[in-house]
Amino acid sequence: MAFYNEDELSEFGFKSIGTNVLISDKASIYNPSKISIGDNVRIDDFCILSAGSGGITIGRNVHIACYALLIGAGKITVGDYVGLSSRVSVYSSSDDYSGAFLTNPTVPSEYTNVDTAPVSFGQHALIGSGSVILPGVSLAEGVAVGALSLVTKSLDAWQIYSGAPARRLKERKRDCLDLQKQYEGLRKQ
């Protein structure tokens, strides 16, 4: 995997970009002026970040694995220490599938009914491979979502969810909070 160097990243015109950011040269970035990226972020091959009018904000120590998608007109916020596994799809906009309207971006907006709502991931959220996150969903701090899940509503902090639609399985441990303190303490030294 080859990553853009610092000079190449600065040429993108991101709203802001931190240090130690690794973005694959095979990733696709649309509307970078609406994308903010924190320190220690890695975005792998074949990811698509397409920022709409709401923009995309990515915190610190975030990993977005290969083939992940973040797209839509609504704001997408990814908190610190979040992991999006391969093929995770995050939508902050969605067409109306009822048949009452036309769909897709080739049709003028007066003939469509697009649902647009922000999506957010709290710190330490972890999303399993192949999962789909729909508009208006907020994943609270520490949420873990199992692979191949469909998340249609907001999820409570420090819980593990899985399924289509995603359902609560059990509480998640919080040991990663102590490890975060250790890690950040070592980095300050």
Indicate yes or no for a side-chain donor-acceptor contact from [X] to the backbone of [Y] under 3.5 Å, with no hydrogens or angles considered.
| X | Y | answer |
| --- | --- | --- |
| Asn31 | Ala51 | yes |
| Ser154 | Ser138 | yes |
| Ser50 | Ile71 | no |
| Ser92 | Pro135 | no |
| Tyr91 | Leu69 | no |
| Ser93 | Gly72 | no |
| Ser28 | Leu49 | no |
| Glu8 | Asn5 | yes |
| Ser149 | Val151 | no |
| Arg172 | Gly142 | yes |

* side chain to side chain donor-acceptor pair (under 3.5 Å) between Asn20 and Asp39: does it pass, once the steps are laid out? -> CA-CA 6 Å; Asn20 192 33; Asp39 297 336; over 6 Å; no

For the residue pair [X] and [Y], what are the closest heavy atoms and their distance?
| X | Y | result |
| --- | --- | --- |
| Ala140 | Ala157 | CB-N, 3.4 Å |
| Ser85 | Ser129 | CB-N, 3.3 Å |
| Tyr111 | Val107 | CB-CG1, 3.6 Å |

* Asked: Any side-chain donor paired with an acceptor under 3.5 Å for Asp115 and Ser94?
  -> no

* With distance as the sole criterion, is a donor-acceptor pair present between the side chains of Ser53 and Lys34 under 3.5 Å? -> no

Is there a side-chain contact between [X] and [Y] in this structure, where contact means two heavy atoms from C-beta onward sitting under 4.5 Å apart?
| X | Y | answer |
| --- | --- | --- |
| Val114 | Asp96 | no |
| Leu150 | Leu134 | yes |
| Leu9 | Ile23 | yes |
| Leu139 | Ile127 | yes |
| Val143 | Tyr161 | yes |
| Asp80 | Asn61 | no |
| Ile35 | Ile29 | yes |
| Leu177 | Asp175 | no |

* Arg87 charged N/C atom sitting above Tyr67 aromatic ring, 6.0 Å / 45° -> yes

* Plane angle bin for Tyr183 and Tyr81 - parallel if under 30°, tilted between 30 and 60°, otherwise perpendicular -> perpendicular

Looking at [atom1] of [X] and [atom2] of [Y], how far apart are the two atoms once the value is rounded to the nearest 0.5 Å?
| X | Y | atom1 | atom2 | answer |
| --- | --- | --- | --- | --- |
| Cys66 | Phe46 | SG | CZ | 8.5 Å |
| Lys75 | Thr57 | NZ | OG1 | 2.5 Å |
| Leu84 | Ser86 | CG | OG | 10.5 Å |
| Ile58 | Ile43 | CD1 | CD1 | 4.5 Å |
| Glu11 | Tyr4 | CD | OH | 10.5 Å |

State yes or no: do [X] and [Y] share one hydrophobic cluster built from I, L, V, M, F, W and Y residues joined by side-chain heavy-atom distances below 4.5 Å, directly or via other members?
| X | Y | result |
| --- | --- | --- |
| Tyr30 | Val21 | no |
| Phe121 | Val132 | no |
| Leu126 | Val88 | no |
| Ile17 | Leu22 | no |

* To do: Could you walk me through whether Lys15 and Ser36 pass the side chain to side chain contact (heavy atoms under 4.5 Å, CB included) test, one step at a time?
  => CA-CA 5 Å; Lys15 183 175 182 180; Ser36 297; 3.5 Å; yes

* Heavy atoms of other groups near Glu6 CD, more than 12 under 6.0 Å -> no

* To do: Please check if atom CZ in Arg167 has more than 12 non-hydrogen atoms from other residues, nucleotides or ligands closer than 6.0 Å.
  => no

* To do: Could you please spell out the steps behind the side chain to side chain contact (heavy atoms under 4.5 Å, CB included) verdict for Leu155 and Val145?
  => CA-CA 9 Å; Leu155 304 180; Val145 175; 3.8 Å; yes

* Decide, yes or no, whether a salt bridge links Arg60 with Glu184 under the criterion of side-chain N to carboxylate O below 4.0 Å. => yes

* To do: Go through Thr77 and Ser120 one step at a time and tell me if the side chain to side chain donor-acceptor pair (under 3.5 Å) criterion holds.
  => CA-CA 5 Å; Thr77 305; Ser120 66; over 6 Å; no

* So His63 and Asp44, side chain to side chain donor-acceptor pair (under 3.5 Å) or not? Walk me through it. -> CA-CA 8 Å; His63 177 228; Asp44 290 346; 2.7 Å; yes

* Identify the residue among Glu171, His124, Glu141 that makes a side-chain hydrogen bond (donor to acceptor under 3.5 Å, both in side chains) with Trp158. => Glu141

* **Candidate pair Val78 and Leu70, rule side chain to side chain contact (heavy atoms under 4.5 Å, CB included), full reasoning** => CA-CA 10 Å; Val78 180; Leu70 285 77; 4.0 Å; yes

